Each structure stands twice: as C-alpha cells, then as structure tokens.
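So that the names make sense, note that chain A is the first sequence line, chain B the second, and so on, each numbered from 1. Not measured: the values here are computed from a predicted model.
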Amino acid sequence: MSQVRLRFAPSPTGYLHVGGARTALFNWLLARKQHGKFILRIEDTDVARSTQQSVDAILEGMTWLGLDWDEGPFYQSDNFPLYKEYVQKLLAAGKAYKCYCSSEELEAKREQALKEGGKPKYDGTCRELAAQPDDGRPYVVRFKAPQQGTTSWVDLVKGKISFENAELDDLIVQRTDGTPTYNFVVVVDDASMAITTVIRGDDHVNNTPRQILLYQALESEVPSFAHVPMILGADKARLSKRHGATSVIAYREMGFLPEAMVNYLVRLGWSYGDEEIFSLEDLIQKFSIENVGRSAGVFNTEKLLWLNAHYIKNGDPVRLAGLVTPFLSERGVKPEGGPDLVAVVKTLQERAKTMLELADGALFYYRGDFAYDEKGAAKFFNAETPALLAELLGKLEALGSFDLAAIEGVFKAICEEKGIKLGQIAPAVRLALSGSTASPGIYEMIEVFGKAETGKRLERAIAAIK
RNA sequence: GGUCCCAUCGUCUAGUGGUUAGGACACCGGCCUUUCACGUCGGUAACAGGGGUUCAAGUCCCCUUGGGAUCACCA
C-alpha cells in the first residue's frame, strides 16, 4: 500500500483556532503514525479576506504546538491557472455550464422559495441552455450535478453517510470574476496533491457529497473522509470568542504549555482506555482515527488547567525558567542579580497552574521592598518576634553548609532551646522572607536566597516590627 | 423550514448483549503538613424519554425529545 497523505488546509482569515489546531493535530498524528506525509495548504481563494498576517499567525501556532509539515505551505492563490484549466475541462465535457442568472435574481428566488417553505436551491434555469457564445455577458460556471441517485461514503469517524442527489443543487465552481470557489478548489487540490485521507471538522459533512461528485466528474480517486466533531463552549454552542480565548496563541500568552494544549486537545474527542497523559511521542504510537468520538465536545478550561499544572510540575526547571522570563520582564523583573531563576522555579513548580502564576509567584524573590501582608503581620509579628528572628539569623550565619538539612536543623535547635513550637516562629519567617502567608517552603526559600539575602530580609522585618 | 449528524456523571470519556456502569477534571470530606500547594485516601454524581428485538439492552432497531452543523458568486 502506498503511503498516506494528509493535509491541514486553513483559510488565512484569522488566528489558529483551537478547533483548527485539533484538526491539524489529528492529521499530523495520523501522518506520523503511518509514516505518511503531512501537507500544509493555505486556502486563500477569498483574496479579500485573506492576509499574510493570518498565515503567519497560523504557522506560529502550529510551530508552537510542535506540528511540523512535510510539504508546503502551498497557496491556492498560486494555482488559479490550474483551476481554470479544470473548469474548462468540465465545460468541454458537458459536466458544467455557464449560468447567466444574476446574484440578485438568485437571492430573490431563494427568499421566495424559503418563504413558501421550499428548498432554497438553484432552480436550474441555465442548466439546459445551449452553449453560449462569449458575448461579454457576465456568467458563473456551475457544476452539472446528477439529479438522481444517492451519494454516500463511509466516514472514518461517523460511519456510513448518504445524501440524495436530488437534495443537492448545481454549485458554482467559478465566479463571475473568473476565480474558483471553495468546494471546487478543495477537490482539485486534494486530487492533484494525491491526498488519501481528509480529516476535517464535521461542519464539512454537508459539502462532502458535492465534492465526491466533483471527484467523479474529474475522474479522480475519492479520498477517505474523517469528519471530527466540533468543539463547543460551556453553553454547548459552537466555541467562539464569547466563551473565552479561541486562539491557540492566546493560550500561550496566558501561560499554557504547548504539551498541555496538545494533550488537552487530543483528549477532547479521542481516548485511549483510562489514560489521560500523552506526549506527542505517545500519541504518534497510540492515536487512531477510529477512536475519535462522534459527538461534539465542550471545551473545559478547568481540565486544561489541570493538565498544564501537571506539565509544569513535571517539567524541566531549566526550560521553565526560560519560558517564564518573558512573563517576568512584563512584570518589570529581571532575574539577573537575584536568586538563581532555576532554583526559584523549582520551589514554585507544584504551586503554579500556569506560567503566569509561576511568574507572579516568583516576584517576591526579586523584590525586597514589598509590604507585609496586613493580616499576617498582625497575627505573626509580635513583641517576641524580633528576638527570635535575630536568634535565627545568628545561627544561620554560623552555618557551614547552607543546605536544606542544615537550615532545618537550625529551626529545630531554636525550637528546642526556646521551648517553642515551629508554628511560633515559622509564619513570621515566611512573612519576613516573602511578605505573604502563602509561599514555598521556608527552608527552600532560605536556601534559594542564600545567607546574604536571607539576612537582609530578616533584618528588614526586625526593623519593621520595632 | 429542508438535509445531515449527535445523545453515559456538571465536563471529557471507558463500555462493542450478561459490569456493583469504570477512569479523569471539577466539587465535598479525611490524612499528610511551617503556610499555600503537591500527594494520598474516600465521597456525591450518568446510561434523555417511549416502544420494540432478545432468556438478557447503556450496548441492536424504530419513534419522540433535545442539541449541533449546513443550506452563498465565504472557506
């Protein structure tokens, strides 16, 4: 069997949408799994709405997710001559005809039909017209679709789907201005690129019978189709901006990791037993289009967040340090000169659900001029505190090796000597070091700060209490 | 409205005729603990409804209901 060829064919009229990203992911996965090719094609036949900026945004999104392509990006706008040629072929073979109806006329007929409860399909006025000499009258080219019989296919995710040809009308393949239309272009491209499997959103199932008919008219092999369900918002309506972010890149900006996004997206509609965590490598091995569900799924940020937290928790601190840096500079913090960022990240990994939270959590390490949490100060800073902190400071400074165990030893010693509990000193230290009542572990913070900075902060607190 | 598709906890899902209907997120409790988290243990929670078929139906068929998609010289 020859190798599979799949494609992702976004139209460059906006950002890479999470739904599009999932479609791209499924295509990519299948191509990789079956050692086939993954092709990127930009569907920009609508010249007015397509922008290079959108193309860049889409490529950026795919690259961020780790989806690379073997061929392309191809631009449909480069293929206009090819489409023209195919239109001529259809015309010559009597499989298409020129239609002189104006769009105003058609619009009126449609409304009329709709009003009378009929079908708003083309009435076939020009269908049987004899070939007309080109006298300058504007025309579109319509595909002469069969009016009897049924068209069906076995969808890789939905099973057998059939349509009565009588329900279909003669779609326009070439506009008045000579440019080709979507349904036609997709077929010509998929055929000429020898695409074997088309995975796309199920908003395309209604286009599929027309496209199959077109393949047949063009005498091309019909690829297999897999229509994956839509992604819905919490109210079960098609996911849109009003449900929150829909752009993949927006998720990066909100501090999500690409592996979390990929993992979330793939599990939305696909499953592998009880497993939840999948890397791209796992997926190449485990993914199969047969296990994609047939029903639409609701995009659930909570679960994405959980996955993101998982990947942050288990991520490489060096990489995370690199990723958090831009978020820190947005907050006016540059780690140079402060505690080692990698060490800082390690203390925050299990406490952050997003890189944004990680950045916020790291701020106090690099800012020594914070105000102490009011309630915390009222509760944990008291008359005894300065002496205790001073005692602690002295013992810490006397320490030889400044590691976790040694630091913990100091606290133990103080508690024993003073006959107090850890709870009588720890919260004050936490407040002194971080300004907050919620922070990483005290010993960890002290180790990360080192003697000098720990000393500075302890002194500052002592002074503040007095 | 026509056509097409879909239907298991709130959400993502497992389930392919015989299960105490399983897992995950979220939620609620216990434990762990220097805080917050992490972790861990446990709990609440679902087969949309009605007819069939069958010894047996979440699983097969039909209808109803509900949801979604699409009906452009957009893609």
Side-chain angles (χ1 to χ4, degrees), chain A residues 9-13 43-46 48-50 76 99 101-103 106-107 110 113-122 138-142 155 157-159 161-164 166-169 171-183 185-186 201-209 227 229-230 232 234 236-238 264 267-277 291 293-307 309 313 348-353 361 376 380 408 411 421-431 434 436-443:
Chain A
S11 67
T13 53
E43 313 233 310
D44 59 349
T45 52
D46 185 346
R49 293 202 304 151
S50 301
Q76 291 186 321
C99 169
C101 302
S102 74
S103 49
L106 294 172
E107 185 56 36
R110 251 197 303 276
L114 226 38
K115 201 177 292 175
E116 290 166 5
K119 294 166 187 160
K121 50 182 265 191
Y122 178 62
Y139 65 87
V140 299
V141 177
R142 282 184 188 273
D155 196 274
V157 349
K158 307 240 182 206
I161 299 179
S162 18
F163 285 80
E164 292 299 322
E167 296 294 334
L168 278 21
D169 60 0
L171 82 165
I172 292 171
V173 295
Q174 187 179 90
R175 302 182 181 99
T176 310
D177 66 3
T179 59
T181 58
Y182 170 75
N183 279 107
V185 170
V186 181
D202 74 4
D203 49 336
H204 285 286
V205 307
N206 293 288
N207 288 326
T208 308
H227 288 98
M230 305 270 83
L232 275 25
K236 305 248 179 167
R238 188 180 186 149
Y264 179 71
R267 273 289 287 106
L268 184 52
W270 173 85
S271 61
Y272 191 79
D274 282 344
E275 288 184 41
E276 293 288 347
I277 304 297
N291 286 323
R294 297 121 312 209
S295 51
V298 174
F299 191 88
N300 181 206
T301 311
E302 293 296 329
K303 188 151 186 182
L304 207 209
L305 232 23
W306 172 74
L307 245 7
K313 206 184 321 166
L348 263 11
Q349 277 179 277
E350 9 187 78
R351 289 167 232 273
K353 283 182 157 54
F380 302 118
E408 184 175 0
F411 279 83
K421 293 195 169 177
L422 192 55
Q424 288 172 263
I425 177 171
V429 177
R430 179 185 317 287
L431 213 45
S434 71
S436 161
T437 53
S439 79
I442 294 171
Y443 311 144

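- Using a 4.0 Å heavy-atom distance criterion, A/K313 is classed as a sugar-phosphate-only contact.
- Rounded to whole Å, the distance from CG on A/D169 to P on B/U3 is 15 Å.
- Look at the P atom in both B/A46 and B/G67: the space between them is 22 Å, to the nearest Å.
- Distance check on atom C1': B/G15 versus B/G51 gives 24 Å, rounded to whole Å.
- Contact annotation for A/S434: no contact, since no heavy-atom pair falls under 4.0 Å across all strands.
- Across all their heavy atoms, A/P440 and A/L348 have their closest contact at CG-CD1, 3.4 Å.
- Summarising the geometry, atom CD belonging to A/E43 is positioned 4.0 Å from atom CD belonging to A/Q76; distances are rounded to the nearest 0.5 Å.
- Residues meeting the salt bridge (charged side-chain N to carboxylate O under 4.0 Å, His left out) test with A/D169, sequence neighbours left out: A/R210.
- Residues satisfying the ring-ring contact (aromatic ring centres under 6.0 Å, His included) criterion with A/F380, sequence neighbours excluded, are absent altogether.
- Here A/H227 lies out of heavy-atom contact (under 4.0 Å) with every strand.
- Between the P atoms of B/G29 and B/C38, the separation comes to 15 Å (whole Å).
- Distance A/L171 CG to B/A72 P: 11 Å, rounded to the nearest Å.
- Using a 4.0 Å heavy-atom criterion, one finds that A/N183 contacts the bases of the nucleic acid, with or without backbone contacts as well.
- With a 3.5 Å ceiling on both atom-pair distances, B/U16 lacks any Watson-Crick or G-U wobble partner.
- Here the separation of B/C9 from B/G58, taken at their C1' atoms, is 13 Å to the nearest Å.
- Ionic pairing of A/K303 and A/E276 is present here: one or more N-O contacts between side-chain nitrogen and carboxylate oxygen are shorter than 4.0 angstrom.
- Closest to the side chain of A/D274, out of B/G23, B/C73, B/A69, is B/G23.
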Could you list the protein-to-nucleotides 40-44 of chain B atom pairs, N/O on both sides, closer than 3.5 Å?
none

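- For the P atoms, the distance from B/C12 to B/U8 is 8 Å, rounded to whole Å.
- Remark: A/I172 pairs with A/V140, A/R142, A/T181 by the side chain to side chain contact (heavy atoms under 4.5 Å, CB included) rule, at least two apart or across chains.
- In this model, no donor atom of one side chain and acceptor atom of the other lie less than 3.5 Å apart for A/T13 and A/R49.
- When the C1' atom of B/A72 is taken as reference, atom CD of A/Q174 falls 17 Å away, rounded to whole Å.
- Taking atom CZ of residue A/F163 and atom C1' of nucleotide B/U3, one finds them 7 Å apart after rounding to whole Å.
- Following rounding to the nearest Å, A/D177 (CG) and B/C73 (C1') show an atom-to-atom distance of 8 Å.
- With sequence neighbours excluded, the residues that form a ring-ring contact (aromatic ring centres under 6.0 Å, His included) with A/Y139 are A/Y100.
- The 12-atom threshold is exceeded at NZ of A/K158, counting heavy atoms of other residues, nucleotides or ligands nearer than 6.0 Å.
- Residues meeting the side chain to side chain donor-acceptor pair (under 3.5 Å) test with A/K121, sequence neighbours left out: none.
- As judged by a 4.0 angstrom heavy-atom cut-off over every strand, A/R238 is placed among residues touching the sugar-phosphate backbone only.
- The residue A/C99 sits apart from the nucleic acid: no heavy atom pair falls under 4.0 Å.
- Taking the syn range as angles within 90° of 0, the glycosidic angle of B/C38 is syn.
- Separating the CG atom of A/L232 from the C1' atom of B/A7 is a distance of 12 Å, rounded to the nearest angstrom.
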For nucleotides 31-37 of chain B, read 5' to 3', which letter fits each nucleotide if B means a protein heavy atom sits under 4.0 Å from the base, S means only the sugar-phosphate is that close, and - means neither?
---BBBB

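- Across all strands shown, B/G42 forms a Watson-Crick or G-U wobble pair with B/C28, both key distances being under 3.5 Å.
- Of the nucleotides present, B/U64 is the one that pairs with B/A48 by Watson-Crick or G-U wobble criteria, both distances under 3.5 Å.
- A/Y272 has its OH atom 18 Å from the P atom of B/A24, to the nearest Å.
- Within 4.0 Å of A/T45, counting heavy atoms only, lie sugar-phosphate atoms of the nucleic acid but no base atom.
- Residues that satisfy the side chain to side chain donor-acceptor pair (under 3.5 Å) test with A/D177, not counting sequence neighbours, are A/T179.
- Under the Watson-Crick or G-U wobble criterion, with both distances below 3.5 Å, B/U34 has no partner in any strand shown.
- With both ends at atom P, the span from B/G22 to B/C61 equals 25 Å, rounded to whole Å.
- Map A/N206 and A/E107 each onto its nearest nucleotide of RNA chain B; the residue landing nearer the 5' end is A/N206.
- Rounding to whole angstrom units, CZ of residue A/R294 and C1' of B/C4 are separated by 16 Å.
- The OG1 atom of A/T301 sits 7.0 Å away from the OH atom of A/Y264 when rounded to the nearest 0.5 Å.
- Of the nucleotides present, B/G2 is the one that pairs with B/U70 by Watson-Crick or G-U wobble criteria, both distances under 3.5 Å.
- Comparing the same atom, P, in B/C4 and in B/A48 gives a spacing of 23 Å after rounding to whole Å.
- Here, B/C62 and B/A45 have their C1' atoms 31 Å apart, quoted to the whole Å.
- By the side chain to side chain contact (heavy atoms under 4.5 Å, CB included) test, A/E164 pairs with A/T150, A/E167, sequence neighbours left out.
- Annotation: of the two residues near RNA chain B, A/R142 and A/S271, the 5′-most nearest-nucleotide partner is A/S271.
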Are any protein N/O atoms closer than 3.5 Å to N/O atoms in nucleotides 8-12 of chain B? If there are, list each pair with its distance.
unit_1, atom_1, unit_2, atom_2, d
B/U11, OP1, A/K236, NZ, 3.2
B/C12, OP1, A/V298, N, 3.0
B/C12, O2', A/R267, O, 2.8
B/C12, O2, A/R267, NH2, 3.4

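- With sequence neighbours excluded, the residues forming a ring-ring contact (aromatic ring centres under 6.0 Å, His included) with A/F411 are A/Y443, listed by chain and number.
- When distances are taken from the side chain of A/E167 to each of B/A75, B/A26, B/U3, the shortest belongs to B/U3.
- A/E408 meets the salt bridge (charged side-chain N to carboxylate O under 4.0 Å, His left out) test with A/K412; sequence neighbours excluded.
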